[in-house]
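This report concerns only the one structure given below.
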Amino acid sequence: MIQYKTKEEIEIMRQSCLMVGKAHKEAVKIMRPGITSMQINNLVEEFILDNGGVPSFKNYHGYPYATCISMNSAVVHGFPTNEIIKEGDIVSLDIGFYKNGFHGDSAYTYAIGEVGEEVKRLLRVTKESLYIGIEKARQGNRIGDIANAIQEYTEKQHGYGVVRELVGHGLGRKMHEDPQVPNYGKRGTGAKLKEGMVLAIEPMINMGVKDVVHLDDGWTILTRDGKYSAHFEHDVCITKGDPDILSSFVEIEAAEKANTNLTWSYS
Ligand code: MF3
Ligand code: CO
């Protein structure tokens with residue numbers, strides 16, 4: 001059942017969503033070749049707790065960490081580890097922040113040091129596809145309009161693989177609410193979008209084939225061909241007018257641009 005939020009609830013929720021961006025910003029400040037994803041996880045977890053939040057992911061169906069950190073061919077749900085992050089790696093960081101009864105959930109993929117042009121293109125196109133999807137997040141449209149826009153841009157126009165096994169979702173008092181928000185599908189199909197719906201829209205896009213495999217840790221999803229995969233996620237409220245993006249990349253992007261150990265992929 002879809003949970004529609006009141007204007008008051010949206011404002012509470014916005015605080016959680018914005019805190020996810022601030023947690024990302026803290027992580028970006030320490031990102032460089034030589035650190036580990038566990039260091040990033042621990043910093044983010046501390047930031048969440050210091051700000052009166054609870055990490056949404058920790059203990060969610062037994063997930064053991066505050067963040068998901070999925071590198072290179074890991075699509076999503078990667079565990080933080082003590083392995084050293086190297087130049088040329090891409091790091092998808094997914095963070096959930098729960099406070100005052102509502103979740104925020106947002107992911108961003110970072111390029112460590114110098115990465116090749118084809119990797120930059122994957123990150124740019126995946127992020128662009130998120131905004132192309134968000135553009136369709138309007139009252140009167142349907143879920144399939146968002147899904148189709150993302151698929152057309154990434155798969156048809158750029159030849160990338162759109163992961164089928166994982167989808168975006170409704171977001172609110174629970175981290176996963178109805179409806180599901182796939183990154184593929186037909187225009188004009190699926191649930192009708194209505195004021196007060198909040199959707200976590202999250203394209204997971206592979207440089208190569210769309211197929212994935214499940215690692216035997218029970219969580220990590222990898223590309224079947226071992227090629228890189230990117231992931232960007234925003235929380236978007238449907239209104240009578242323009243889509244209201246509750247999460248924000250503004251501070252993340254400023255920190256990313258300022259960090260000379262990262263490649264700014266989006267220009
Ligand atoms: N952003 C992810 C999602 O929407 C976070 C879930 S990770 C989990 O599904 F470990 F908590 F499941
Ligand atoms: Co999500």
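Indexing begins at 1, ligand by ligand and atom by atom, following the structure's order.
Shown here are the protein N/O/S atoms lying under 2.8 Å from the Co ion (ligand 2), water excluded: D105 OD2, H169 NE2, E202 OE2, E233 OE2.
Atom NZ of K5 is surrounded by more than 12 heavy atoms from other residues, nucleotides or ligands within 6.0 Å. Taking a 6.0 Å sphere around CZ of R138, one finds it holds more than 12 heavy atoms contributed by other residues, nucleotides or ligands. When the shell of 6.0 Å around CD of E83 is examined, it contains 12 or fewer heavy atoms from other residues, nucleotides or ligands. Within a 6.0 Å sphere centred on CD of E251, heavy atoms belonging to other residues, nucleotides or ligands number more than 12.
Note: the hydrophobic cluster containing Y4 also contains I238 (ILVMFWY, side chain heavy atoms under 4.5 Å, direct or indirect links).
Between the side chains of H234 and S247, at least one donor N or O lies within less than 3.5 Å of an accepting N or O. Side chains of Y108 and E256: a donor on one and an acceptor on the other come within 3.5 Å. Side-chain atoms of R173 and H103 include no donor-acceptor pair closer than 3.5 Å.
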Could you tell me, for ligand 1, which of its N or O atoms are under 3.5 Å from any protein N or O, listing the pairs and their distances rounded to 0.1 Å?
| residue | atom | partner | partner atom | Å |
| --- | --- | --- | --- | --- |
| ligand 1 | 1 (N) | D94 | OD1 | 3.2 |
| ligand 1 | 1 (N) | D94 | OD2 | 2.6 |
| ligand 1 | 1 (N) | D105 | OD1 | 3.0 |
| ligand 1 | 1 (N) | D105 | OD2 | 3.3 |
| ligand 1 | 1 (N) | E233 | OE1 | 3.2 |
| ligand 1 | 4 (O) | D105 | OD2 | 3.1 |
| ligand 1 | 4 (O) | H169 | NE2 | 2.7 |
| ligand 1 | 4 (O) | H176 | NE2 | 3.2 |
| ligand 1 | 4 (O) | E202 | OE2 | 2.9 |
| ligand 1 | 9 (O) | H176 | NE2 | 2.9 |

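Look at K29 and E26 and you find a salt bridge, because one of the NZ, NE, NH1 or NH2 atoms lies within 4.0 Å of a carboxylate O, short of that distance.
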